[in-house]
Structure formats: structure tokens, C-alpha cells
Undergrad: 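Questions regarding the structure given below will be posed in turn.
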Amino acid sequence: MPELPEVETIKGDLQETILGKKILKVYVNDPRVIREPAPLVFKKSLEGQAIKNILRRAKLLVFELSNGSFLTIHLKMTGQLVYPGGSKKSRVAFYLSGGKILDFNDDRLFGELRLVRDWKKLKFVQGLGPEPFDLTCADFKDMLSKRKTEIKPLLMDQKFISGIGNLYAAEILFRAKIHPKRSAQSLTAEEKEALYKEMKKVLNSAIKHGGSSVDDYVRVSGKPGDYVRYHQVYGRGGKPCFLCKNPVKKITQGGRGTYFCANCQN
DNA sequence: AATGGGACCTGCGCGC
DNA sequence: TGCGCGCAGGTCCCAT
């Protein structure tokens, strides 16, 4: 599940491999992933464009093209970008200058590709909350004080703060020793500060280790990210907590699985 | 504002 | 061996 660290890793990988290359041909093998414009227009408009820049906002990748338009890619759950590619299973194949192929793979077809004039005008982008690394601790504390909702779903709310998903919300809360069902505004000043610090630490460390390869996520090279070995709770239901040895619990919050240690997180 | 559910999808692991 | 089922979670959308 690509979250901020995975998408940031992919951005870096792409910058090292395909930045400046020209898109010669686009093969849309499954039109369902092309959200706008119509798949044939998407293909024809992209062909001939060079990739001038690659950005990330929240979990969205943005390619700036030579004619000033933007290709946006949201990997959602199972999307992958692989280079050099050439898989028969690719949903979209981009033939690049230099003779190699960039594959967009996506088993579950949740991914979304768009070609737009101005990516910042996308409704999804307009609704995004601040990037975790753009926030001061004071801002963050203030934002938390105004919300009564449970802290874990709130961390995953892209309108509140952008880039954190189910996996990193669990890991951050464990390290901050905060129970996932606590109301945001019930947190003490110390807890809010711990949450802010651990949020940045976890995200930075995950980026440094190339993200977490659970399920389908791989780096652009096809190799896994390394951060799974630092996971404390995610995916460890029933296994002993690394700190206190009590079994890690799994509950459902907002329809999503939440892993936590009921002894260490209060 | 908050909360809960369904929808979009497919691959996987489970029980039988 | 194979079948049916539930589950995985990012985002949108609707209902309450």
C-alpha cells in the first residue's frame, strides 16, 4: 500500500532513471485506469512529450511534461511503476527514449492516471491537508485540539494531513505510545509533541529504507523496500509486542484494520 | 462535523 | 484438488 514514504521512494527512483526521457509510444492495455481524458486522447497527447520533472504531493505522483501539461499517477493499493519493464501484465506501457519501457502495473485496477493542464486544480489535490514535513509542531497541536474524532482515522484522513495511510498510522501511534481510539483533542501536550516527533521520524526512516514492501509495493527497479523489518505492530496481530511481549491486538476502525499494543499504548 | 457503510477491483489464504 | 468466501485498504460518495 503505497503511502508517503513509498511514493517518495518511487519519485526518487524515477528521477534517477527516466527524468528527461521522451515518451515515444503509449500502450493502454486496460483503459479502466485512465481517468481523463479519453484513453485514445490520453495516449496521443502523451506521445512525443519529454518528462521535465517528477513531483510528489501526498500519495500522488506528478510528471511535468515538456508542453506544460501534467501526467498524474495515483497507485492506490496495488499500483506499481517498474523500469525497465515490459511485463505482459502491465496496464499501461510507456515506451521511452533509450529503448526501454516504463510499466504501470495494477492488479486491482484502483490506480488512476490522468493527463491534465493543471494538477493543482484537481479536486482531490484541492482537498488535501498539509504535508507532514511542512507542519510545525505548534500547527499540528493546534489542528489536533480542534478535533474530537479518533486519532488513528484522523491521521489517515487526507484532508487533515496528507500522505499517511493505514500502515504508518499504526506504526506512528505505537512509537508515540498512544492508543488508536483516543480522541485527538484528549491528547496531552506531551502526547501531541511525541506524535509529531514520531510521525516525522517514522516517515523519514521509512523513506531512507525505501518504503515497506507488504502486498504489491516494489521500487521502480522491482526490488522491495526495506522498512518492513522495522515494523513494530503492522501485520503482527497475535505476535508478542517487541517491548512488553503481550500479544499485538487487531481491531477494526473505520472499516480498516488497526494493529496496536494495548499495554504499551494508552 | 462526524460516522458508518458501500462501491470500485483482484489475488490470496482459509476452511471444507 | 478445487470451490466459495472473507479480507486487504486508498479514495469517493451517500446516508444519517
Side-chain angles (χ1 to χ4, degrees), chain A residues 1-10 28-36 56-62 72-81 87-92 103-114 116 119 121-129 131-132 142-173 180-186 203 206 211-218 225 227-228 231 233-239 248-260:
Chain A
M1 56 230 49
E3 304 179 25
L4 186 155
E6 287 74 30
V7 180
E8 183 67 18
T9 297
I10 290 172
V28 179
N29 301 320
D30 195 317
R32 285 176 288 182
V33 298
I34 312 298
R35 304 309 169 112
E36 67 174 301
R56 178 192 62 77
R57 172 76 171 98
K59 303 170 190 170
L60 186 72
L61 276 170
V62 181
T72 68
I73 300 180
H74 200 306
L75 301 170
K76 293 285 181 84
M77 297 293 304
T78 54
Q80 300 175 332
L81 286 168
S87 163
K88 265 187 270 181
K89 288 175 66 180
S90 71
R91 304 298 189 181
V92 183
D103 280 345
F104 173 74
N105 304 324
D106 189 6
D107 270 347
R108 286 174 70 182
L109 294 167
F110 284 2
E112 301 189 351
L113 277 62
R114 298 188 146 81
V116 295
W119 68 277
K121 290 217 172 98
L122 286 171
K123 197 176 140 206
F124 164 74
V125 174
Q126 296 266 313
L128 287 172
E131 290 278 324
D142 195 46
M143 286 161 57
L144 291 169
S145 306
K146 292 178 176 141
R147 301 292 291 263
K148 293 182 183 166
T149 190
E150 291 177 351
I151 185 62
K152 195 253 187 174
L154 186 62
L155 286 178
M156 293 171 62
D157 180 352
Q158 302 301 296
K159 293 179 171 62
F160 179 75
I161 188 167
S162 59
I164 298 169
N166 201 39
L167 190 161
Y168 290 104
E171 292 299 317
I172 291 164
L173 286 170
K181 287 181 84 75
R182 286 280 295 283
S183 154
Q185 66 176 201
S186 80
L203 295 175
S212 300
S213 280
V214 295
D215 299 331
D216 288 23
Y217 167 73
V218 289
Y227 192 70
V228 181
H231 290 185
V233 287
Y234 185 83
R236 299 194 63 251
K239 295 186 179 146
V248 171
K249 286 204 172 177
K250 187 183 184 194
I251 58 171
T252 298
Q253 267 182 302
R256 303 287 174 249
T258 297
Y259 297 92
F260 72 107

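Each chain gets a letter, A, B and so on, in the order the sequences are listed, and its residues count up from 1. All values derive from a computational prediction rather than experimental measurement.
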Undergrad: Return the value, rounded to whole Å, for the distance between atom CE of Met77(A) and atom C1' of dC7(C).
TA: 11 Å
Undergrad: Taking any heavy-atom pair under 4.0 Å as a contact, classify Glu3(A): base, sugar-phosphate, or nothing.
TA: sugar-phosphate
Undergrad: Check whether any side-chain N or O of Glu3(A) sits under 3.5 Å from a backbone N or O of Tyr168(A) as a donor-acceptor pair, and report yes or no.
TA: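 At least one qualifying donor-acceptor pair exists.
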Undergrad: Tell me whether the side-chain N/O atoms of Thr149(A) come closer than 4.0 Å to OP1 or OP2 in dT3(B).
TA: yes
Undergrad: Do any side-chain nitrogens or oxygens of Lys181(A) fall under 4.0 Å of OP1 or OP2 in dT3(B)?
TA: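 Lys181(A) to dT3(B) OP1/OP2: no side-chain N or O under 4.0 Å.
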Undergrad: Please confirm whether the shortest side-chain N or O distance from His74(A) to OP1 or OP2 of dG10(C) is below 4.0 Å.
TA: no
Undergrad: Do Asp107(A) and Lys89(A) meet the salt-bridge criterion of a basic N to acidic O distance under 4.0 Å?
TA: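 Asp107(A) and Lys89(A): salt-bridged.
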Undergrad: Using a 3.5 Å limit for the pairing distances, which stems of at least 3 consecutive Watson-Crick or G-U wobble pairs does DNA chain B take part in?
TA: B:2-8 with C:10-16, B:10-16 with C:2-8
Undergrad: Using a heavy-atom cut-off of 4.0 Å across all strands, would you classify Gly257(A) as base, sugar-phosphate, or nothing?
TA: sugar-phosphate
Undergrad: How would you summarise protein contacts on nucleotides 6-11 of chain B per nucleotide, using B for base, S for sugar-phosphate only and - for none, with heavy-atom distances below 4.0 Å?
TA: -BBBBS
Undergrad: Hey, does the side chain of Gln158(A) come within less than 4.0 Å of dG10(C)'s phosphate (OP1/OP2), counting only N and O?
TA: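 No, no such contact exists.
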Undergrad: So what does Phe160(A) hit on the nucleic acid, given a heavy-atom distance under 4.0 Å: a base, only sugar-phosphate, or nothing?
TA: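 Nothing: the residue Phe160(A), judged by heavy atoms under 4.0 Å, touches no strand.
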